[in-house]
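Let me begin by presenting the structure, written as structure tokens, before commenting on it.
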Amino acid sequence: SSNPLLSGTAGTPYDAADAHINDYYYIDLAADWNVRQGVDLHLGVNNVFDRLPPTLTTNALPVGPGNDNTFPGTYDSLGRTFFIGASIKY
């Protein structure tokens, strides 16, 4: 890569362990049910199979990775989560 953060030319050491991260896919499910006129119920689950994110070394970023030694903005570091909600309209 020509990215200086990946090649070690931007003052950061090159880390071969973090040079390539495999693809990650998460399965999320959601449902919405119109209970009656003006009442909607929605529920779901994110990361159905509770897939763990890749663990990176501290050299992955100049300031180090975020929580769980991964990129929390890219990977799901919380694991499986459930949600439920309702919308009521008068």
Side-chain angles (χ1 to χ4, degrees):
S1 173
S2 62
N3 184 334
L5 294 175
L6 296 176
S7 64
T9 58
T12 60
Y14 175 74
D15 188 2
D18 297 327
H20 178 76
I21 302 171
N22 291 332
D23 295 335
Y24 272 74
Y25 298 96
Y26 297 108
I27 304 295
D28 300 333
L29 298 175
D32 191 20
W33 177 41
N34 185 351
V35 178
R36 63 184 191 122
Q37 185 176 355
V39 179
D40 288 333
L41 179 66
H42 43 275
L43 55 98
V45 59
N46 293 328
N47 194 0
V48 172
F49 299 111
D50 199 19
R51 183 148 189 214
L52 297 174
T55 303
L56 306 176
T57 65
T58 56
N59 294 330
L61 289 173
V63 295
N67 59 339
D68 291 340
N69 289 336
T70 192
F71 298 106
T74 305
Y75 300 104
D76 184 1
S77 61
L78 293 177
R80 183 182 306 128
T81 56
F82 298 90
F83 61 90
I84 188 168
S87 299
I88 300 173
K89 301 176 189 173
Y90 289 103

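The structure displayed is predicted, hence computed values, not measured ones.
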Where do D76 and Y26 come nearest, in terms of heavy atoms and distance? N-OH, 3.2 Å

Would you check if the side chain of D50 reaches a backbone N or O of R80 as a donor-acceptor pair within less than 3.5 Å? yes

Can you give each donor-acceptor pair under 3.5 Å made by side-chain atoms of residues 36-45, sequence neighbours left out, with the distance rounded to 0.1 Å?
none

Do P54 and Y24 come close enough that some side-chain heavy atom pair is under 4.5 Å? yes

Quick one: does N46's side chain get under 4.5 Å of F83's, heavy atoms only? yes

Is there a path from I27 to F82 through hydrophobic residues (I, L, V, M, F, W, Y) whose side chains come within less than 4.5 Å of each other? yes

